[in-house]
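To start, the structure itself, in structure tokens.
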Amino acid sequence: MKKLLLSSACLLALAVQPAAAQTQGPELVVVRIYDGGGSGKFIITRGEGKSEQVEFQGGVTDKRQNTSSEAYYKMFSQLYREGYTLQSTFTSPVSLTTLLFVKNH
């Protein structure tokens, strides 16, 4: 009887708290942005071997700033529609910004 109770308690403990290897962490998207001179690009990475580059016009004229802003809007809107939220930002001195987006399950 003791073995039955002990076995039941162990099975209950395993059922209530899944193993760490079985739990799934948050999905991440890393976006690196280069926006300098007359052009810019987003490098959007969703995992190893899953990167895409999106180029856009940069610059200081009103028209180019509008075009650049619309490219940012399109990229951010898509990630938010997919359920991602901005978690963190990193910058470097060479017109490069890195954004980390997270989607929790």
Using the salt bridge (charged side-chain N to carboxylate O under 4.0 Å, His left out) rule, collect all pairs that involve residues 96-105, keeping only residues at least two apart or in two chains. none
Residues 53-60, side-chain donor-acceptor partners within the protein, below 3.5 Å, at least two apart:
none

Quick one: OG on Ser88 to CG on Leu28, what's the gap to the nearest 0.5 Å? 11.5 Å
In terms of hydrophobic clustering (I, L, V, M, F, W, Y; side-chain heavy atoms under 4.5 Å; direct or indirect links), are Tyr72 and Val29 co-clustered? yes
Could you list the residues that satisfy side-chain contact (heavy atoms from CB on, under 4.5 Å) with Thr89, not counting sequence neighbours? Leu86, Leu99
Residue pairs fulfilling salt bridge (charged side-chain N to carboxylate O under 4.0 Å, His left out) with at least one residue in residues 27-41, sequence neighbours excluded: none
Can you name the residues that form a salt bridge (Lys or Arg N to Asp or Glu O under 4.0 Å) with Arg46, not counting sequence neighbours? Glu82
Co-membership, hydrophobic cluster, residues Val31 and Phe76, 4.5 Å side-chain: yes
Can you check whether Lys63's main-chain N or O pairs, donor with acceptor, with Thr67's side chain at less than 3.5 Å? yes
On a heavy-atom basis, the closest approach of Tyr80 and Thr85 is CE2-CA, 3.9 Å
Show every salt bridge (charged side-chain N to carboxylate O under 4.0 Å, His left out) that has at least one partner inside residues 66-81, sequence neighbours left out. none
CG of Asn104 to OH of Tyr84, rounded to nearest 0.5 Å, is 10.5 Å
Can you establish whether the number of heavy atoms outside Asp62 located under 6.0 Å from its atom CG is more than 12? no
